[in-house]
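All values below were derived from every heavy atom in this structure, side-chain atoms included, with hydrogens, water molecules and symmetry-related copies excluded.
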Amino acid sequence: MLNLTESAKDKITDLLMEENDPDLKLRVFVQGGGCSGFSYGFTFDNVANEDDFDLEFGPLHVLVDAMSRQYLEGASIDYKEDLMGSEFKISNPNAQSTCGCGSSFSVS
């Protein structure tokens, strides 16, 4: 369903360790907005909702709600660091087009 690169797993694990709460999980979601129609969101959450999918990547858990799942099917999350900064980058086969910043997308 959703893939995480090793770089993304490492960074998410580091961020979770900084929070010092063993019950926290990463929530990845899609919401309306952005210049292309939809945008991605990330947050930490320690409560899984009834309609959430709890994806396990070793000890790391990622929550995706049912509405967001349809837009994230087959997507991959990577983490990149370079001279320009650092960011999580989503490669999404469902995106028909993306905006210049890469954080919003549209579907057909």
Side-chain angles (χ1 to χ4, degrees):
M1 174 194 150
L2 179 70
N3 301 304
L4 297 178
T5 65
E6 289 303 315
S7 178
K9 289 178 196 175
D10 291 344
K11 184 60 179 180
I12 294 164
T13 299
D14 289 346
L15 292 170
L16 286 167
M17 287 177 64
E18 287 176 16
E19 294 297 319
N20 201 24
D21 182 347
D23 295 328
L24 279 182
K25 298 172 172 74
L26 176 69
R27 179 176 294 283
V28 179
F29 57 93
V30 172
Q31 61 188 3
C35 52
S36 294
F38 293 100
S39 62
Y40 301 108
F42 299 92
T43 190
F44 291 129
D45 202 338
N46 54 13
V47 176
N49 299 320
E50 241 180 68
D51 69 337
D52 284 340
F53 293 87
D54 187 348
L55 310 174
E56 293 184 41
F57 298 91
L60 180 62
H61 287 257
V62 177
L63 300 174
V64 178
D65 64 86
M67 190 281 297
S68 297
R69 181 180 181 183
Q70 64 185 324
Y71 298 110
L72 293 170
E73 189 69 40
S76 180
I77 300 175
D78 192 14
Y79 180 75
K80 301 238 183 230
E81 281 187 56
D82 58 28
L83 294 174
M84 300 297 290
S86 59
E87 68 178 338
F88 284 100
K89 185 87 173 152
I90 296 181
S91 175
N92 189 342
N94 302 302
Q96 194 77 20
S97 64
T98 59
C99 68
C101 67
S103 63
S104 71
F105 66 101
S106 66
V107 294
S108 58

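Atom OG of residue Ser68 and atom CG of residue Asp51 lie 9.0 Å apart, to the nearest 0.5 angstrom. How far CG of Asp10 is from CG of Leu60: 10.0 Å, rounded to the nearest 0.5 Å. In this structure, the separation between OG1 on Thr13 and CZ on Phe57 is 11.0 Å, given to the nearest 0.5 Å. To the nearest 0.5 Å, atoms CG (Leu16) and NE2 (His61) are separated by 10.5 Å.
Hydrophobic clustering, with ILVMFWY side chains joined whenever heavy atoms are under 4.5 angstrom apart, keeps Phe29 apart from Phe38. A single hydrophobic cluster is not seen to contain both Leu24 and Met17; linkage of ILVMFWY side chains at heavy-atom distances under 4.5 Å, directly or through other members, places them apart. By the criterion of side-chain heavy atoms lying less than 4.5 angstrom apart, applied directly or through intervening Ile, Leu, Val, Met, Phe, Trp or Tyr residues, Leu4 is grouped together with Leu15 in one hydrophobic cluster. There is a path of hydrophobic side-chain contacts, each under 4.5 Å, that joins Leu55 to Val28.
Looking at residues two or more places apart in sequence or on another chain, you find a side chain to side chain contact (heavy atoms under 4.5 Å, CB included) between Met67 and Asp65, Gln70, Tyr71. With sequence neighbours excluded, no residue forms a ring-ring contact (aromatic ring centres under 6.0 Å, His included) with Phe44. Not a single side-chain hydrogen bond (donor to acceptor under 3.5 Å, both in side chains) links Lys11 to another residue, sequence neighbours left out. In this structure, the ring-ring contact (aromatic ring centres under 6.0 Å, His included) partners of Tyr79, at least two apart in sequence or on a different chain, are Phe88.
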**Q.** Stepwise side-chain contact (heavy atoms from CB on, under 4.5 Å) check, Tyr40 with Asn92
**A.** CA-CA 11 Å; Tyr40 301 108; Asn92 189 342; 3.0 Å; yes

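Listed here is the closest heavy atom pair of Ile90 and Ala75: CG2-CB, 4.2 Å.
At least one side-chain heavy atom of Ile77 sits under 4.5 Å from a side-chain heavy atom of Phe42.
Contacts classified as side-chain hydrogen bond (donor to acceptor under 3.5 Å, both in side chains) and involving residues 18-33 (residues at least two apart or in different chains) are given here: Arg27-Asp45, Arg27-Asp52. Within the structure, the salt bridge (charged side-chain N to carboxylate O under 4.0 Å, His left out) test picks out the following pairs touching residues 74-86 (sequence neighbours left out): Asp78-Lys80.
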